[in-house]
Amino acid sequence: MPIHSQFHDAVTILTIDRTRRRNALDEGALEELHEAVTGAVAEGARAIVLTGAEGHFCAGADLTELEDVSFTRRLAEVLRHLAAVPVTTVAAISGSCMGLGMQLALACDVRVVAEGARFAVPVAKLGLMVDRWTIDRLIRHWGEGAARHMALTAAVLDADDAHRYGFTQVRGDLDAAVELARRAATLAPLTQAGSKLGLDVGTAADPAYDEAFARAWASRDLAEGRQAFRERRSPVFEGR
């Protein structure tokens, strides 16, 4: 099983374990990852941490087993689903984060990066292209200059670059990522889900965001938050 799942304290940790390929994903592993993400949300996880085994996040797609563009199309569906799940997702990145690994990191909400991590989008070395969604996320999370540097020159950037350009929000290891996820898991789920919608729609009118906005303002969680503030205690949110 290339994807391992652990659940505790309302956080699901998903670990990619294909260490013989530095955790590069083939079609089977991609499907298993998608099922693991879907299952974590269905089972009530309030936050998800995505990481890789034995010192590498994900070195990309396993090119030894890929033959055509159908994998890329399926990958696009999996990435969009990961980006849209209504809970906070944290990428805990160490070692190689390249190609498909970078796409997984871009799909997560926040990124925790360890020293020694390395980042690349080596499409120009291979003659292939990533989808427009990935290019857009690359620009949004790295900035246009760094995005062009990686996509057009196959540059490999490091943890210091990731911090300098704003790609990472926390510098640290898996423990730091889990701690961040645990903090997120105690917060108001409807607010988090609605905020994720708003962060992705930009300034255009969006009925789904308007609905989420109204739901949060009418929720029991809002009443609980206000009551907890008055009583000077930590709120207990239920997502309703």
Side-chain angles (χ1 to χ4, degrees), residues 16 21-25 30 33 48-52 55-63 66 69 71-73 75-85 88-174 176-177 180-181 184 195-204:
I16 303 169
R21 302 293 298 166
R22 290 191 301 169
N23 299 325
L25 297 186
L30 181 68
L33 177 61
I48 296 172
V49 175
L50 179 61
T51 192
H56 290 288
F57 181 67
C58 174
D62 191 341
L63 297 177
L66 304 181
V69 75
F71 178 85
T72 299
R73 295 193 180 103
L75 172 62
E77 296 172 348
V78 172
L79 292 171
R80 285 166 173 75
H81 175 267
L82 173 59
V85 293
T88 301
T89 54
V90 180
I93 303 169
S94 61
S96 294
C97 179
M98 301 186 179
L100 189 154
M102 179 75 87
Q103 291 174 288
L104 291 174
L106 292 168
C108 289
D109 295 313
V110 292
R111 286 151 292 280
V112 176
V113 172
E115 296 303 318
R118 290 163 62 81
F119 304 89
V121 185
V123 288
K125 284 186 173 181
L126 300 168
L128 54 82
M129 290 181 65
V130 293
D131 64 339
R132 186 66 184 80
W133 180 91
T134 296
I135 293 293
D136 178 65
R137 302 283 282 207
L138 192 67
I139 293 169
R140 287 175 60 190
H141 293 307
W142 280 94
E144 185 169 347
R148 287 178 180 272
H149 192 196
M150 286 187 282
L152 301 181
T153 75
V156 178
L157 304 187
D158 61 20
D160 288 338
D161 294 320
H163 184 69
R164 178 160 53 95
Y165 287 115
F167 178 69
T168 178
Q169 288 68 59
V170 176
R171 301 184 78 154
D173 58 9
L174 177 59
L180 178 61
S195 294
K196 287 184 67 163
L197 286 172
L199 288 164
D200 280 334
V201 300
T203 59

Show the nearest heavy-atom pair for residues [X] and [Y], with the distance to one decimal.
X	Y	result
A151	V123	O-CG2, 3.9 Å
L106	R137	O-NH2, 3.0 Å
C58	L25	SG-CG, 4.2 Å
R111	I93	CG-CD1, 4.0 Å
L152	A124	O-CB, 4.4 Å
D109	Q169	O-OE1, 4.3 Å

side-chain contact (heavy atoms from CB on, under 4.5 Å) evaluation trace for H163 with V113: CA-CA 8 Å; H163 184 69; V113 172; over 6 Å; no
Donor-acceptor contact below 3.5 Å, side chain [X] vs main chain [Y]:
X	Y	value
R21	D62	no
D136	I139	no
H56	G95	no
K196	T88	no

Decide, yes or no, whether a salt bridge links [X] with [Y] under the criterion of side-chain N to carboxylate O below 4.0 Å.
X	Y	answer
R140	D200	yes
R148	E144	yes
R164	D158	no

More than 12 non-hydrogen atoms from neighbouring residues, nucleotides or ligands closer than 6.0 Å to NE2 on H81, yes or no? yes
Is the number of heavy atoms from other residues, nucleotides or ligands under 6.0 Å of R118 CZ greater than 12? no
Going by the angle between their ring planes, with limits at 30° and 60°, are W142 and F167 parallel, tilted or perpendicular? parallel
For the [atom1] atom of [X] and the [atom2] atom of [Y], what is their distance to the nearest 0.5 Å?
X	Y	atom1	atom2	result
T134	R80	OG1	CZ	7.0 Å
L138	R132	CG	CZ	10.5 Å
I16	L100	CD1	CG	8.0 Å
R22	M98	CZ	CE	6.5 Å
F57	S94	CZ	OG	9.0 Å

Could you check if a side-chain atom of V49 sits within less than 4.5 angstrom of a side-chain atom of V112, using non-hydrogen atoms only? no
Any non-hydrogen side-chain atom of I135 less than 4.5 Å from a side-chain atom of M129? no
Start with the C-alpha distance between L75 and V130, add both sets of side-chain angles, then the distance that settles side-chain contact (heavy atoms from CB on, under 4.5 Å), and finish with yes or no. CA-CA 10 Å; L75 172 62; V130 293; over 6 Å; no
Evaluate side-chain contact (heavy atoms from CB on, under 4.5 Å) for L157 paired with H149, printing each intermediate quantity in order. CA-CA 9 Å; L157 304 187; H149 192 196; 4.1 Å; yes
Pair L79-L104, side-chain contact (heavy atoms from CB on, under 4.5 Å): steps then yes or no: CA-CA 7 Å; L79 292 171; L104 291 174; 3.9 Å; yes
